[in-house]
Structures are given as structure tokens and as C-alpha cells.
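What follows is one structure encoded as C-alpha cells, with my remarks underneath.
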Amino acid sequence: MGGPGHGEFPIFEFLSEGRTSEGSVCCGGAGFACLPSPGRTEVRSRIPPLLAGPGMAENRRSGPQATALIYDEDMTRVRLLWDDPECAIEGPERLTATYARLCHRGLAQRCVRLPAREATEEELGLVHSPEYVAVVKGTQTMSTEELRTLAQQYDAVYFHPSTFPCARMAVGATLQLVDAVLTGAVGNGMALVRPPGHHSQRDAANGFCVFNNVAIAAEHAKRRHGLQRVLIVDWDIHHGQGTQGVFENDPSVLYFSWHRYEHQSFWPRLRESDYDVVGQGPGRGFTVNVPWNKVGMKNADYVSVFLHVLLPLAIEFDPELVLVSAGFDSGIGDPEGQMQATPECFAHLTLLLLPLARGRLCAVLEGGYHLQCLAECVCLTLQTLLGDPVPALSGDPAPCLSSLESIQNVRAAHAPHWASLRHEDTGPILTPSTWCGDGGPPLLGAQSVGTTERRGTLLDKLLSCPPPPPHTGIGLAVPDSTSSLNLPPALLQEEGVIVSKEEAEMWSRLDSASTQDQALAALGKLLALLDKILTGQVRAGIAVSPAVSAAMAVALRKGLTGGAQRLLCVAVGELDIPEDLRDNGRILLLNIGGKEQSEAAASRTHICLGGHEATEPGTFLLALTSLILPVAYSFRPDLVLIVLGPDCGLRNLDVELLTRLLQGPVAGQMLLLLQNPDLPLVEALAWALEGRALPSTLGPFLSASPKQALAITRLCRQRRLDWPMLQVSVT
Ligand code: X5A
Ligand code: ZN
């Protein structure tokens, strides 16, 4: 089924009329990017050797690299007209405060602005019954008393004379976003909508939700665009039981939700929110519920669930579109969620989803009731969609006992349905769903995280975090033959420093290959580039060296002398690692696909997944989510070195993926070191460092061989005391 042509989608009619809906909050519609007219190509200036200032990064991208933002102040019209403490938190200031902060941070201005529209009744009918739509339609002319009486028929709902047009616009805004992404007009985007949608059911409003925006969008993507696989990630702190109900029999929609559950005592208090509810009939395995049985879940708990539950399943599912039910009541300070994930956590969650579906991600607002927290979390989500580097993830990297129980249980419940969990060490289901034990203190690796400050002050500090430092560019230390490449604009071409043979010997402690003229020139460029990374003049870079083992040793030594406190080196392929760098306490060495190592040679800071099979796509993806990223997030390096040995065996796409995802744990500073100046790879990696989406999907899914899967599982078990985010069970 081919997708329909552009003209069929109303978004383009709006765009050709040039209509913009202006927000009156703090900045007008001026300055928003319009979509390029067909045929217009982006002008990229190559500016070696001058480094572009931060202004360069502010340039709006267009087409598949653009990020869309939809906001229309018409959706601020609905509000509570009577006294109801439960519903009072869902007010118009949720949108106005969020939008104001997006403008204040300059983020709204970097997005392509798309107009909202009201969904048609036919579109509402993709999920809702005509009878229910008629009931909501009828609220437009009701008196306050009538509205109130009607609302009482539902759980946690209010109506307003503007409810019908607003709720239709929330659906329409979501559809506009999905159409723009699926036609390639933009790469990804976010819709700021009210009312929210994920509790809404075929015949019922529920939990402030009137129409199910995201569920309708998923149906629309299937029917109008012919998609066969849509992933819905619901990171709101409430269970989207409405969305679950719509798709419980449907294997073409993978629905993932985590939610405050507390052994079924938290709203909406449903048995069907537990981990053992996995979908029905052909939909078995396509509903994934992660119950939080304690409040106070932190960044490490959220990221662990993404790494150990969502990502393996999502990679295996291989979606064509990712819809995020982006509720931020899961953030710190929210009165509903009572969780402790800080705003930058949402940047990391977004980063982890972007490799899926070629980055075709639509985030749609659901809940979020602490205005500052909500606004800050939306900023970090949108910033990541725009491709900005993610800020470091704060806090102890150890998940708590209660979240580990949930992870263990949901993995065990889904092991029969997913190859990527089947061969893993999922362990037996531990606890009955309504078991109410004491989660106790974090299991392993607990470090105190300065909680002496008063709660309020700490929270204020977290939420008023200054905008991240200006987007510094990236650098290349490569042979001159790369001058024909299509490279990102803010790029430094390193000219290098002159290195004598004596200096080269001192750095590399090898004398053969590394002191050839060519190698000396490469070394001069490498040292100069790494110096710029270590001193913050550039954020990341790529270096090519004909003697890559020697160059790796040089880079590690230079990193140590240049002040890196924790240096993560991911070395792929057969590389010689000098003795003196193996057990240096500041270097963590992860060798993938090198010579098989005896277990005795391994140590806390030297982890090997050997053999050439380790770099085969299925095995590598499993290693990435279950070993490499958890170790990296646990270690929290301030510099990452990725080294590709000769014929390292990884697909270019996997190298890009590794590059993109390791930017999470390192929060920026990264050097890639390659043996071969493979031009398409250099080009792709330069764009990956710039935050661009992957050019193709990761799928179709290839399973790791049972032998490789076992090797990974054993390695993770052995090292989980050293690196707490490797844990997937409490046993
Ligand atoms: C969208 C959303 C929450 C309803 C809570 C009712 N709804 N107590 O966050
Ligand atoms: Zn919610």
C-alpha cells in the first residue's frame, strides 16, 4: 500500500494559504519557519577551518530534518466552571505556561510551525462511537448545570461549552502532526494539546480526556497512510487504559505504558494495568504494562525500563511511526505522579526513541500538572527532537528494588511473545500482582545524592536549570580527500599540529606503523582535535588514522592528561590495548568483537564481548541495549572514545546508532576514531554527531544466536554489581 500523495492532506492546504495561528503568550507568529517550496534545497556553507559560532546551530532545518510544533490558543478555552478539586489541576495555564517557556528558550522559533485544525466527525469515528460523539457535541449548548450533570456520568471529567471544538482541535492537531511526519514534510514534532486523550474510550470520557488523540492518530496512520506497525509510548504517569482498550486485540499497534500503580491502589485502580496483562487474541504481546508500585521513581528507574523492556521490544517490532503519549505528570514535583524524574530524563527518553522508525516521532501532550515541571520537561523533549545534545542525566544510576521487580516481572510476562527477551535471563515471575511488600532501599550501588537541602529549594533549582550551553560544533581530523563530502554546517576541519617522530613515539609507544609520514600527519590532527574537545572548543569529533590501535592509545593517554575523569572507550574489532591502559581506574574499556578473552583477563574496568559474531546486527543490538548502554549510563563518562578497528564488522547503520545513543551517557564529549577513511561513513557519523535521525530503520529484526545471547546475558550478570544499571532482576 503506497501512501497517498501530499495534496490529500489538509495540512498542505493550510500551508499554501500561509495561515499561521499566533500565540499571544509571549511572542507572535513572526519568525516561525515555513516549509520550503518544492525544489528549494538547503544551502549549506562549508566553513573550514573557521568554527561557526552558536548562531549557526540556530538555523532552522527544513524537510525531513525539521521539527514541527503545533500550538493553538483556541485549546486554552476549555476550563473548569465549578468547584471540583480532582479536576481543578487541568487548566489552560498548562498550555500557556508551556508555550511561554518554549518561546523564552528560543525553541518554538526553531520549529516549523504547523496550524491545528478541527478533526472531522469521520476522523473521530476511527475510535469513538457516533452516539458518544453526539453526546459530546451536545455540550456546546448546555448550561453549566447540565454540563455538570453530564460530567458526573464519567470518572474525573468536566465539560465546558468549548469542550467539543477544543477536543476536536486536539485530535486535529495530532493528525496534522502525523500527516506532516508521514509525508516527510518534517522529520518529527510535538503537539501541545488540551484536552488530553489517553484515558478516553470508545464510548466514554475519562480522566480529563474527551477524545483519544493518540489512538485516533494511530488508526489514521494505518488507514490513511497504510502503515502496518505503529508504536505508542505512553510515558504519562497514569495508565492509558483508553488506548490499551482500543488496541488490545491489534498486533499492528504496540502499546507501551508505565504508570503509578501501587498494587492497584492508584487511580484508575484497574486490574488491567498490571504487567501480566499483555493483550488478547492476535494482539497478545502487543500491550506492555510496567506498573510502578512505589512513588519516588527516579531517572535510573525510567532509563532502565527503556533499556531493558521497551527498546528490545520496539527494535524487534520495527515500527514505521512512533507516537508518544507525552504526559509529564511523571516528572519531579508533579502532584499526581509523586515521582522524581528530572526534566533532562525526558531528553534521554526521547533520544532513546529517535533511532526507531527513522526518527519519525510525534510527541502529543497528555498530563502534567506542575506548571514549571511541565514546561521544563516539554523544553527538553523538544530540544532533543531538534537534535540538540542531551544534558547529563543526574542522580544515582542504580534502579530501586521495586522498579527492578517490575522490570523482572514484565520481562518474564513478555518472554513468550518476544524473541529478544526469550533467550535472556528473564527469571520467574516473582510477585503476585497485588503483593504488597516493602520495596526497601535501592538494591545496589546506592550513593547519597545530597538530599540535605529542603525539598522545595531543591525542586526550584532543578526546574529553573539554565538553558544548556550554546551548541558547540563538531570537528573532523581526516585526510584532505574528504573535502567533497556533504557535511553539517557548523564544522571544524582540523589542520593539525606538527608532530615529530620522537613525540609520536612518546604518545603511542610504538615505533613501526605509527611513525610513518602519513601516520604522523594523522596523529597531529588527532592531538589537535582531542585538545579542542577536552577544552570545550568543540563538542565531538571524528578522526581517521592509518594506525588505529596506536591512535587509540594516544587518544586515551591524551584524554587522561587532558583532564578526563572517567573515560569510556568502546573498541570494536581487533585492537591492541596497551597493558598500562587496561586497569587504569579512570578508563572503562568495552571491547566488542575482539579476540576472545579468558575470564581471568577481565576486570571491573575491562569488559570483553569477543568473537566476530559479536558485531553481527542481531547480537550487536542486543549488546547495545542490555550491556553497552547500561554500563555507560552506570559509569557516567565525561569523555567517550569509539574506536573502529580494521574490518570491525559493524554495519555503518550500527555505528551511527552507537554514536547517537552514547551521546546520552556522555552528554556531549565524544571522539570517533576510524581506521579507514570510508567517506560515506565519515559523512553519516558527522550528521549523527549533529543529532540527525538515522537514514533507515534498524529492522527487519534479526535475532542474536542463542550462543551469543547467552554470552551477553552471562556478562551482564557477572558485572551487575559493578554497573548497577545492568540489573534486570532482584534475584
Ligand atoms: C491525562 C491525565 C489524569 C486524571 C487523574 C484523575 N489524567 N484523578 O493525566
Ligand atoms: Zn496523567
Side-chain angles (χ1 to χ4, degrees), residues 75-76 78-80 82-95 97-98 127 151-160 163 166-167 170-171 173-174 190-201 204-217 232-246 255-262 264-270 273 289-292 295 297 302 323-341 345-346 349 363-371 373-375 377-378 381:
M75 285 180 284
T76 63
V78 51
R79 63 192 167 84
L80 181 64
W82 54 85
D83 187 48
D84 177 347
E86 190 178 16
C87 292
I89 54 176
E90 204 293 294
E93 58 290 347
R94 295 181 56 237
L95 285 195
T98 300
V127 163
Q152 276 164 4
Q153 292 185 20
Y154 304 105
D155 185 7
V157 168
Y158 69 88
F159 291 108
H160 179 276
T163 291
C166 284
V171 175
T174 307
M190 183 155 195
L192 299 179
V193 302
R194 280 180 72 238
H198 70 153
H199 298 303
S200 158
Q201 297 143 38
N206 182 281
F208 318 152
C209 300
V210 178
F211 298 133
N212 197 319
N213 310 314
V214 165
I216 294 170
I232 299 178
V233 177
D234 190 336
W235 73 41
D236 185 283
I237 207 56
H238 300 97
H239 183 214
Q241 86 281 30
T243 310
Q244 172 171 310
V246 172
Y255 175 67
F256 168 93
S257 173
W258 64 33
H259 31 269
R260 179 172 171 190
Y261 191 57
E262 297 178 291
Q264 211 181 317
S265 67
F266 188 70
W267 189 93
R269 292 180 284 272
L270 301 171
S273 311
N289 284 318
V290 179
W292 299 121
V295 295
M297 293 299 164
Y302 284 12
L323 299 174
V324 181
S325 264
F328 297 95
D329 39 17
S330 43
I332 189 165
D334 192 278
E336 280 285 310
Q338 305 281 331
M339 298 300 177
Q340 287 184 24
C345 191
F346 294 92
L349 302 181
V364 183
L365 185 65
E366 299 279 0
Y369 307 101
H370 183 292
L371 296 184
C373 173
L374 167 64
C377 291
V378 169
T381 303

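Both counts, for ligands and for their atoms, begin at 1 and track the order of listing. Numbers here are sequence positions counted from 1.
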**Study point:** Metal-centred angle, the Zn ion (ligand 2) as apex - OD2 of D236, ND1 of H238, 10° resolution
**Key:**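 OD2 of D236 and ND1 of H238 make an angle of 160° at the Zn ion (ligand 2), to the nearest 10°.
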
Whether the side chain of [X] engages the backbone of [Y] through a donor-acceptor N/O pair (distance < 3.5 Å, no angle test) should be reported.
| X | Y | value |
| --- | --- | --- |
| T174 | A170 | yes |
| E366 | H198 | yes |
| R260 | E336 | yes |
| Q201 | H199 | yes |

[X] heavy atoms, cut-off 4.0 Å: which ligand 1 atoms fall inside?
| X | result |
| --- | --- |
| A156 | 6 (C) |
| D329 | 9 (O) |
| E336 | 5 (C) |
| P196 | 1 (C) |

Point to revise | Geometric N/O contact G207 with ligand 1, under 3.5 angstrom | key: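 Yes; the residue has a nitrogen or oxygen that sits under 3.5 Å from a nitrogen or oxygen of the ligand.
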
Review point. Quick one: does ligand 1 sit under 4.0 Å from the side chain of D236, the backbone, both or neither, non-hydrogen atoms only?
Key: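 D236 to ligand 1: side-chain contact only, backbone stays beyond 4.0 Å.
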
Review point. Quick one: does ligand 1 sit under 4.0 Å from the side chain of E90, the backbone, both or neither, non-hydrogen atoms only?
Key: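 Contact part for E90 vs ligand 1: neither.
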
Check your understanding: What pair of heavy atoms forms the shortest contact from D334 to F328, and how long is it?
Key ->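 D334 and F328 have their closest heavy atoms at OD2-O, 4.1 Å.
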
Practice item. Return yes when at least one N/O/S atom of D329 is nearer than 2.8 Å to the Zn ion (ligand 2), and no when none is. Key: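 An N, O or S atom of D329 is closer than 2.8 Å to the Zn ion (ligand 2), so yes.
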
Review point. Just wondering, is there an N, O or S atom on H199 that's nearer than 2.8 Å to the Zn ion (ligand 2)?
Key: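 No, H199 does not qualify, because none of its backbone or side-chain N, O or S atoms lies under 2.8 Å.
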
Practice item. May I have the step-by-step check of side chain to side chain contact (heavy atoms under 4.5 Å, CB included) for M339 and Y302, ending in yes or no? Key: CA-CA 10 Å; M339 298 300 177; Y302 284 12; 3.4 Å; yes

Check your understanding: Is H198 in contact with ligand 1, taking contact as a heavy-atom separation below 4.0 Å?
Key ->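 The answer is yes: ligand 1 sits under 4.0 Å from a heavy atom of H198.
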
Exercise for review: With salt bridge (Lys or Arg N to Asp or Glu O under 4.0 Å) as the test, would you mind laying out the steps for R194 and E90 before giving the verdict?
Suggested key: CA-CA 9 Å; R194 280 180 72 238; E90 204 293 294; 2.7 Å; yes

Practice item. Please confirm whether F346 and W235 have ring centers closer than 6.0 angstrom. Key: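 Ring centroids of F346 and W235 are less than 6.0 Å from each other.
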
Check your understanding: So, H239 versus F266, ring centres under 6.0 angstrom or not?
Key ->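 Ring centres of F266 and H239 not closer than 6.0 Å.
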
Check your understanding: Which residue owns the protein heavy atom closest to atom 6 (C) of ligand 1, what's the atom, and how far is it?
Key ->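 Result: E86 OE2, 3.4 Å.
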
**Study point:** Protein contact to atom 1 (C) of ligand 1 [nearest heavy atom, distance to 0.1 Å]
**Key:**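 For atom 1 (C) of ligand 1, the nearest protein heavy atom comes out as Y369 OH, 3.3 Å.
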
